[in-house]
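Taking it in order: structure first as structure tokens, then the write-up.
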Amino acid sequence: MKPRTLFQKVWDDHVVVQEPDRPAVLYIDLQLIHEVTSPQAFTGLRERGLKVRRPDKTVATMDHSTPTLPKSLWVIDDQSKAQLDQLETNCKEFGVELFALGDSRNGIVHVIGPERGFTQPGKTIVCGDSHTSTHGAFGALAFGIGTSEVEHVLATQCLLQRKAKTLEVRLDGQLMPGVTAKDIILALCAEIGTGGGTGYVIEFTGSAIRNLDMEGRMTVCNMSIEAGARAGMIAPDETTFEYLKGRDRVPQGADWDAAVERWSQLRTDEGATFDKTVVIDANQLEPMITYGTNPGMGMQIGESMPTADSFENASQRAAFEKAMGYMGLRPGQPLLGQKIDVVFIGSCTNSRIGDLRMAAGVFSGRKVAEGVRTLVVPGSHDIKKQAEAEGLDEIFKDAGAEWREPGCSMCIAMNGDNLEPGQYAVSTSNRNFEGRQGKGGRTFLASPLTAAASAITGKVTDPRSLLLS
Amino acid sequence: MAKFTTLTSHAVPLPAENVDTDQIIPARFLKVTDKHGLGDSLFCDWRYLKDGSDNPEFVLNEAASQGARILIAGNNFGSGSSREHAPWALVGWGFRAIISTGFADIFRSNSLKNGLLPVEVNAEVYKALMEAVQRDRSTKITIELPTQSVTGVDGLEATFPIDAFSKHCLLEGVDQLGYLLSFDEQITSYEQQRT
Ligand code: SF4
């Protein structure tokens with residue numbers, strides 16, 4: 001048989017029908033649901049008198065507009081409440097398992113999928129959410145879809161899909177201390193731009209990827225979409241199996257052994273080719289930060305921002321100038337030392353226990369700078385519990401940070417956690433679009449280490465200056 | 001789904017690059033449970049001033065934009081989130097086609113499911129159209145789906161790509177879910193094989 005890429009293998013395995021000149025009918029093994037992008041899909045089913053074809057392959061959570069204030073189930077407004085209620089009604093009516101607000105298994109959709117073991121190598125996974133790419137860290141083919149497609153999958157467990165091209169992003173070498181998975185993916189976004197991966201599925205390869213733990217791999221795949229790629233994948237290996245073993249929804253006993261055997265085949269064959277390859281030297285990576293209003297506008301933290309004449313064409317220059325205007329920053333200046341108002345540590349990119357440990361390592365024995373509001377929002381209740389068992393919550397609180405209930409929170413600012421107009425934030429989330437974290441708010445995307453270090457000094461700070469001191 | 005064959009209209013020029021779905025429709029408007037009424041929130045943060053009144057400097061508020069069915073926008077339009085609220089808002093305002101040099105994948109797919117045609121042209125054609133429209137806002141552009149062509153600006157005749165299936169669906173108003181449901185038997189046998 002012709003050598004195949006990991007993507008090709010998972011794709012081939014799920015094609016139900018492929019007619020000439022038509023998109024493939026692709027079987028979906030798991031659909032994740034949340035409150036924001038699903039109501040119209042369930043309404044569509046009702047209007048047509050359809051059922052959910054495979055409730056057993058469908059799981060729902062509440063995360064986007066849920067409150068994060070401790071011990072309160074206060075929901076920001078009537079509309080959010082209506083949306084949450086609607087999800088509950090829909091799940092009940094259609095027989096879909098729901099991890100509702102208050103359930104100990106509740107959390108951000110892309111955090112709980114892997115955590116509970118729903119996410120597995122070789123699966124096709126979709127959700128009405130672009131960061132579904134996260135699950136590709138396990139060697140799944142996972143991508144975001146629109147609400148019409150959510151309805152298609154609910155009704156038929158299938159999607160009409162055209163096959164994407166493949167992009168290999170290879171990272172060999174050793175990350176320097178203070179450089180994290182987040183810096184890898186921000187560096188890729190800066191290198192190829194937010195449209196660079198359009199039309200491709202990325203496979204991340206190389207020793208620097210192999211050396212990442214599952215949480216780091218999820219951070220990398222999570223932001224594949226910020227590089228324009230709908231999905232990012234990493235071939236499963238011992239690290240993957242180790243992470244999954246014993247989780248709620250993975251096969252157990254003899255079935256587990258058979259699964260590992262099967263999953264071990266899921267790697268790109270020797271001799272298989274990609275449509276395109278990008279090589280990044282992991283040894284050269286530095287902590288990264290964004291300065292503009294899309295995730296591609298990033299740089300090494302010690303660099304100066306570009307100036308308009310460093311861009312090739314007029315519309316790029318215009319985009320850059322518009323971004324500088326929104327951000328209230330001067331081209332050509334460094335960002336180090338830029339005063340900030342808020343630090344947000346959380347989101348499906350960086351809210352897992354490893355992220356919190358990293359941040360706690362910086363906060364430990366230090367205090368958040370006066371006037372800086374710092375929010376630490378774990379990705380799920382499991383993570384919250386684990387962090388509290390390790391005493392991380394005490395470290396955050398002692399430092400003067402707020403320790404919150406799980407949810408998307410200030411990543412998308414739908415639940416009442418938001419920036420005020422004009423405020424600057426260092427955020428571990430994934431999008432720095434205008435208004436993303438609150439109308440008029442200005443976001444610098446960075447790693448948990450950089451975010452925590454910046455919280456301590458009140459300014460954009462290279463975490464190595466604190467880690468090494 | 002609404003059919004699409006030929007569209008002739010004046011256009012709204014929005015030369016910004018990388019217009020993301022958070023700009024098209026900010027997250028605070030995603031709390032709805034139906035698809036309708038989002039047109040008023042399209043480009044909300046650019047379109048309205050702090051007090052809620054129209055921002056006279058934003059192109060959508062200009063008299064010349066009213067009634068336009070075509071948007072011409074900079075490269076990589078629709079990047080970011082998978083929210084189908086973005087095409088719902090664009091269609092809600094009245095757009096039926098967007099001309100750009102590139103579209104984000106999920107946005108393109110969502111648009112096609114809502115009768116909103118993404119017209120991808122090369123940089124040269126984009127520039128010619130953008131300049132013509134900016135010079136004379138009453139310029140009429142014609143988009144013909146059967147021939148996949150864009151005309152209307154002197155001497156300019158351009159084509160755009162679209163896959164055969166999406167084209168067929170738009171021309172005939174095919175309901176994609178209905179099409180998928182017709183494979184029920186194959187889906188069932190696939191499921192049986194796999195278990
Ligand atoms: S944390 Fe942010 S990016 Fe992730 S699912 Fe929630 S809103 Fe989307």
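All values below were derived from every heavy atom in this structure, side-chain atoms included, with hydrogens, water molecules and symmetry-related copies excluded. Numbered from 1 within each chain, the chains take letters A, B, ... in sequence-line order.
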Top contributor to chain B contacts, counting heavy-atom pairs under 4.5 Å, from [options]:
options: A/Ala318, A/Gly199, A/Gly228; result: A/Gly199
options: A/Val36, A/Thr147, A/Thr293; result: A/Thr147
options: A/Ile412, A/Asn313, A/Thr156; result: A/Thr156
options: A/Glu35, A/Gln157, A/Arg48; result: A/Arg48
options: A/Glu226, A/Arg230, A/His64; result: A/Arg230
options: A/Glu149, A/Glu151, A/His131; result: A/Glu149

Per-residue contact mode, [X] against chain A (heavy atom under 4.5 angstrom):
X: B/Phe165; answer: both
X: B/Thr33; answer: both
X: B/Gln176; answer: both
X: B/Asn75; answer: neither
X: B/Thr188; answer: both
X: B/Phe107; answer: neither

Those residues of [range], ordered by number, that approach chain A below 4.5 Å (heavy atom to heavy atom):
range: residues 133-140 of chain B; value: none
range: residues 48-73 of chain B; value: none
range: residues 4-29 of chain B; value: B/Glu17, B/Asn18, B/Asp20, B/Asp22, B/Gln23, B/Ala27, B/Arg28

Provide the closest heavy-atom pair for B/Leu30 versus A/Gln83 in the form atom of the first, atom of the second, distance.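 For B/Leu30 and A/Gln83, the tightest heavy-atom pair comes out as O-NE2, 2.7 Å.
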
Parallel, tilted or perpendicular: which describes the rings of B/Tyr190 and A/Tyr27, with under 30° parallel and over 60° perpendicular?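 B/Tyr190 and A/Tyr27: tilted rings.
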
When B/Asp34, B/Leu180, B/Asn76 are compared by non-hydrogen pairs under 4.5 Å with chain A, the top option: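 Looking at each of B/Asp34, B/Leu180, B/Asn76 in turn, B/Leu180 comes out on top.
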
With respect to chain A, which residue among B/Ala104, B/Cys44, B/Gly80 yields the maximal number of heavy-atom pairs within a distance under 4.5 Å? B/Gly80

Pairs meeting criterion salt bridge (charged side-chain N to carboxylate O under 4.0 Å, His left out) with involvement of residues 90-108 of chain B, two or more places apart: B/Arg108-B/Glu120

Toward chain B, the part of A/Gln79 with a non-hydrogen atom under 4.5 Å: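 When you check distances to chain B, atoms from both the backbone and side chain of A/Gln79 fall under 4.5 Å.
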
